[in-house]
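All remarks here apply to the structure that follows.
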Amino acid sequence: MNLKILFILSIFFGINNIYSQWQNDVRLTNDTAFSGSSINNGCAANGNTVHVVWYDLRDGNREIYYKRSTDGGINWGADTRLTNDPAVSEYPTVAVSSSVVHVVWKDARNGNWEDIYYKRSTDGGLSWETDTRLTNDPAWSWFPSVSVSGSDVHVVWQEYRDGNWEIYYKRSTDGGISWGADRGLTNNNATSWYPSVAVSGQIVHVVWQDYRDGNFEIYYKRSTNGGVSWGADTRLTFNAAASWLSTVAVSDQAVHVVWHDYRDGNYEIYYKRSTDAGISWGANTLLTNNPSGSESPSVSVSGQVVHVVWHDYRDGNYEIYYKRSTDGGISWETDTRLTNNPGDSHAPSSTVSGSMVHVVWQDNRDGNSEIYYKRDPTGKPIGIITISNEIPNQFRLLQNYPNPFNPSTTIEFDIKNTSFAKLYIYDVLGRAVETLVNEELKASSYKVAFDGGKLSSGVYYYTLTTEGFTETKKMILVK
C-alpha cells in the first residue's frame, strides 16, 4: 500500500474517531451462569455514580444483583447480591435520587406465583436495607418499573389478581420507608402488560400495552398530584398490528414514549411525544426502517436531548443500536450500531447524567449471557459551550440564570489559563448530585446548561474548582 493511500485512510479513520463518541464495551459480569437484564430501567445515574441491576443464575437460582461505578462508568466495584432466598427473583429495575437508590423486582419466595419486592440504599449503593414486600395476593405480579422524584417513589407493575392482567400502582412519599395501598390503573376484560413509569415533580406518567381494542395498542395515563388521583386512559397508537413494550421518559413538560410496532410487516421502533405534560400528543415517528426486527427500545432524556436504544436483527444477529434527537424529538440523527460481535445482544437500558449517556444490556458473546456496559461521555451536546474568544484576566464563577429556576438554568464562568476544571452541583447536605464539567479547558469564557428535572425542589450549590481557584454559589430549584 503506497503512502498516499495510507494518508487517506488515516484521515478517514481519524475523522471517524473524532465523531465516534462511544467508548469500548465493558463486561460487568463474569461467571458461567446466565445473567439477564430487565426490559427497561436496568441502570440509573446521578452525577458520576452509575447504578446497574440484573438477575443472575450463578447461585443455582435467579437472584438480584447490583453493581456501581463512582467515576462515570470508567471503573466498577464488585457485584453485590441483593436477594438471598431459594425462589426465583427476576426483572429488577432501578431509580436514584441524590444518594438514595431504589430497586424493585418480582419474587416467588412466598409460595405464590410472584410478588413485587423493594429494596433501598441510602448511601449511594454502599449498604442495603432489608427487602420490603410490596404486593400480597396469590396472583402473578410481574414486570415492575420504578421512578423517583425527591422522596416520592412510584412503582407500577402488571398483575393477574382480577382474573386478567391489569396495571397496578403503588407509591411511597417518604423515600421508600412506608408505602401506600395498591391502586389498579386499568379496568377492562383484556390484557394490560409491561408498564413503564416516569415522573417530573408531581406529574406521574405511565405507559403500557393493552389488548382491549382486539390487538395490542400503547396506552398512557397520568396523575398531576403525585399519584393521589389519575386521569383517563389515553390511547397512543391506532393500527391493526401489535404495538409492544413501550417505555417513557420525561423532562419538565416534555414526555417521550418509544415502543416496537408490527404495522410495517416487521417490528420497527416508533416514537411519540407530548410537549404539554401528556395533555396532547404529536404524531407517531418511525425511528427505524429495515426489513429485520427492531425491538425492545429504551428511552432516556436530559433537557432537549432524547436518547433511544434497542436491539436489532439487521446484521444477521441481534445487536444494540442507538439514536438521538437534540431538539426534543423533532428531528433524529442516523442510527448508531453500539455492538459488533457474533453473539446476540439483547434488552438494552439507557440513562443519562450530565453529558454522559450510559447503556447496559445482556450479551452472549462469551458463550453464556453476561451483562455489558457502554458509555458516551459527550452524548449531550447541550453541555459546555464557549461564549467568547477573549482571554479573561481572572477565574470567575457567575450567578446562574434564571434563579430560581424550573427545571433548567445556565451557569457561566471564566477560565484565565488552561486548567483542569470541575463544576459540580451539590445538595444542602454537601452531596454531589450532578457533574457538569470535569475536563481540561483552555482560557476562555464558558456557559453550561443544567437540567434539574430529576431533583426535588430546594436549595442547591454549584462549585467551580480549577488550579488554585474555588468558588461556590447558591441556586434555588422551584417546581
Tell me if a side-chain donor or acceptor on [X] pairs with a main-chain N or O of [Y] at a distance below 3.5 Å.
X: Asn403; Y: Ile476; result: yes
X: Ser99; Y: Asp123; result: no
X: Ser172; Y: Val153; result: no
X: Tyr462; Y: Asn400; result: yes
X: Ser246; Y: Ile218; result: no
X: Lys67; Y: Ala78; result: no
X: Ser223; Y: Ser229; result: yes
X: Gln158; Y: Glu166; result: no
X: Thr472; Y: Thr463; result: no
X: Lys447; Y: Thr386; result: no

Could you tell me which non-hydrogen atom of [X] sits nearest to which non-hydrogen atom of [Y], and how far apart they are?
X: Asn41; Y: Ser145; value: OD1-OG, 3.2 Å
X: Ala421; Y: Leu441; value: CB-CD1, 3.9 Å
X: Val96; Y: Ala44; value: CG1-CB, 3.8 Å
X: Ser350; Y: Val309; value: CB-CG2, 3.8 Å
X: Trp142; Y: Glu114; value: NE1-OE1, 2.7 Å
X: Val199; Y: Gly201; value: CG2-O, 3.4 Å

Exercise. Yes or no on side-chain contact (heavy atoms from CB on, under 4.5 Å) for Ile425 and Ile411, after CA distance, side-chain angles and deciding distance?
Worked result: CA-CA 11 Å; Ile425 308 294; Ile411 300 170; 4.2 Å; yes

For this session: Examine Trp105 together with Tyr118 and report whether their ring centres are nearer than 6.0 Å.
Result: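 No; Tyr118 has its ring centre 6.0 Å or more from that of Trp105.
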
Exercise. With ring centroids as reference points, do Tyr91 and Tyr55 lie under 6.0 angstrom apart?
Worked result: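 For Tyr91 and Tyr55, the ring centres are under 6.0 Å apart.
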
Problem set entry | With Tyr219, the side chain to side chain donor-acceptor pair (under 3.5 Å) member among Asp213, Thr237, Asp233 |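 The residue from Asp213, Thr237, Asp233 that satisfies side chain to side chain donor-acceptor pair (under 3.5 Å) with Tyr219 turns out to be Asp213.
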
Exercise. Can you name the ring pair (Phe, Tyr, Trp, His ring centres under 6.0 Å) partners of Tyr424, sequence neighbours left out?
Worked result: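 Testing Tyr424 for ring pair (Phe, Tyr, Trp, His ring centres under 6.0 Å), a comparison that skips the adjacent residues, returns none.
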
For this session: Go through the structure and list residues passing ring pair (Phe, Tyr, Trp, His ring centres under 6.0 Å) with Tyr66, not counting sequence neighbours.
Result: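 Residues passing ring pair (Phe, Tyr, Trp, His ring centres under 6.0 Å) with Tyr66: His51, Trp128.
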
For this session: On the 0 to 90° scale, with breaks at 30° and 60°, tag the Phe405-Phe450 ring pair as parallel, tilted or perpendicular.
Result: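 Plane angle over 60°, so perpendicular.
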
Exercise. Which word best sums up how the rings of Trp244 and His260 line up, parallel for under 30°, tilted for 30 to 60°, or perpendicular for over 60°?
Worked result: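 If you compare the ring of Trp244 with that of His260, the planes turn out parallel.
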
Problem set entry | Val359 vs Tyr373, side-chain contact (heavy atoms from CB on, under 4.5 Å): CA-CA, chis, key distance, verdict | CA-CA 6 Å; Val359 177; Tyr373 163 84; over 6 Å; no

Spacing of [atom1] belonging to [X] relative to [atom2] belonging to [Y], to within rounding of 0.5 Å:
X: Trp76; Y: Leu28; atom1: CH2; atom2: CG; value: 5.0 Å
X: Trp140; Y: Ile116; atom1: CH2; atom2: CD1; value: 14.0 Å
X: Thr130; Y: Tyr117; atom1: OG1; atom2: OH; value: 11.0 Å
X: Ile64; Y: Thr80; atom1: CD1; atom2: OG1; value: 13.0 Å
X: Ser298; Y: Trp310; atom1: OG; atom2: CH2; value: 11.5 Å
X: Lys374; Y: Asp363; atom1: NZ; atom2: CG; value: 10.5 Å

Any donor-acceptor N or O pair under 3.5 Å, side chains [X], [Y]:
X: Asp414; Y: Ser445; result: yes
X: Glu159; Y: Thr135; result: no
X: Asp137; Y: Tyr160; result: no
X: Ser151; Y: Asp174; result: no
X: Glu268; Y: Tyr262; result: no

Exercise. Between Leu436, Leu464, Thr466, which is the residue that forms a side chain to side chain contact (heavy atoms under 4.5 Å, CB included) with Phe413?
Worked result: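 Among Leu436, Leu464, Thr466, the one meeting side chain to side chain contact (heavy atoms under 4.5 Å, CB included) with Phe413 is Leu464.
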
Problem set entry | Arg133/Asp107 salt bridge by N-O under 4.0 Å criterion |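 Arg133 and Asp107: not salt-bridged.
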
For this session: Inspect the contact between Arg109 and Asp131 and indicate whether a charged nitrogen and a carboxylate oxygen are less than 4.0 angstrom apart.
Result: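 Looking at Asp131 and Arg109, the cut-off is met.
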
Exercise. Can you name the salt bridge (Lys or Arg N to Asp or Glu O under 4.0 Å) partners of Arg120, sequence neighbours left out?
Worked result: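 For Arg120, the residues satisfying salt bridge (Lys or Arg N to Asp or Glu O under 4.0 Å) (neighbours in sequence not counted) are Glu129.
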
Problem set entry | Audit row: Val146, Val94, side-chain contact (heavy atoms from CB on, under 4.5 Å) steps and yes/no | CA-CA 6 Å; Val146 61; Val94 61; 5.6 Å; no

Problem set entry | NZ/Lys422: more than 12 non-hydrogen atoms of other groups inside 6.0 Å |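 No, not enclosed.
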
Exercise. Hey, mind stepping through Asp312 and Tyr267 against side-chain hydrogen bond (donor to acceptor under 3.5 Å, both in side chains) and telling me if it holds?
Worked result: CA-CA 9 Å; Asp312 200 299; Tyr267 281 118; over 6 Å; no

Problem set entry | Partner residues of Glu90 under the side-chain hydrogen bond (donor to acceptor under 3.5 Å, both in side chains) criterion, sequence neighbours left out |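 So Glu90 forms a side-chain hydrogen bond (donor to acceptor under 3.5 Å, both in side chains) with Arg62, Lys106.
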
For this session: With sequence neighbours left out, write down each residue that passes side-chain hydrogen bond (donor to acceptor under 3.5 Å, both in side chains) with Asp56, or none if nothing qualifies.
Result: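 Counting only residues at least two positions away or on another chain, Asp56 forms a side-chain hydrogen bond (donor to acceptor under 3.5 Å, both in side chains) with Ser35, Trp54, Arg58.
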
For this session: Could you walk me through whether Val299 and Val306 pass the side-chain contact (heavy atoms from CB on, under 4.5 Å) test, one step at a time?
Result: CA-CA 7 Å; Val299 61; Val306 190; 3.7 Å; yes

Exercise. Yes or no on side-chain hydrogen bond (donor to acceptor under 3.5 Å, both in side chains) for Glu412 and Tyr401, after CA distance, side-chain angles and deciding distance?
Worked result: CA-CA 9 Å; Glu412 295 186 2; Tyr401 61 91; 2.8 Å; yes

Which atom pairs, one a donor and one an acceptor, fall under 3.5 Å between side chains of residues 188-196 and the rest of the protein, sequence neighbours left out?
unit_1	atom_1	unit_2	atom_2	d
Asn188	OD1	Ala190	N	2.8
Ser192	OG	Asp210	OD2	2.8
Ser196	OG	Val248	N	3.3

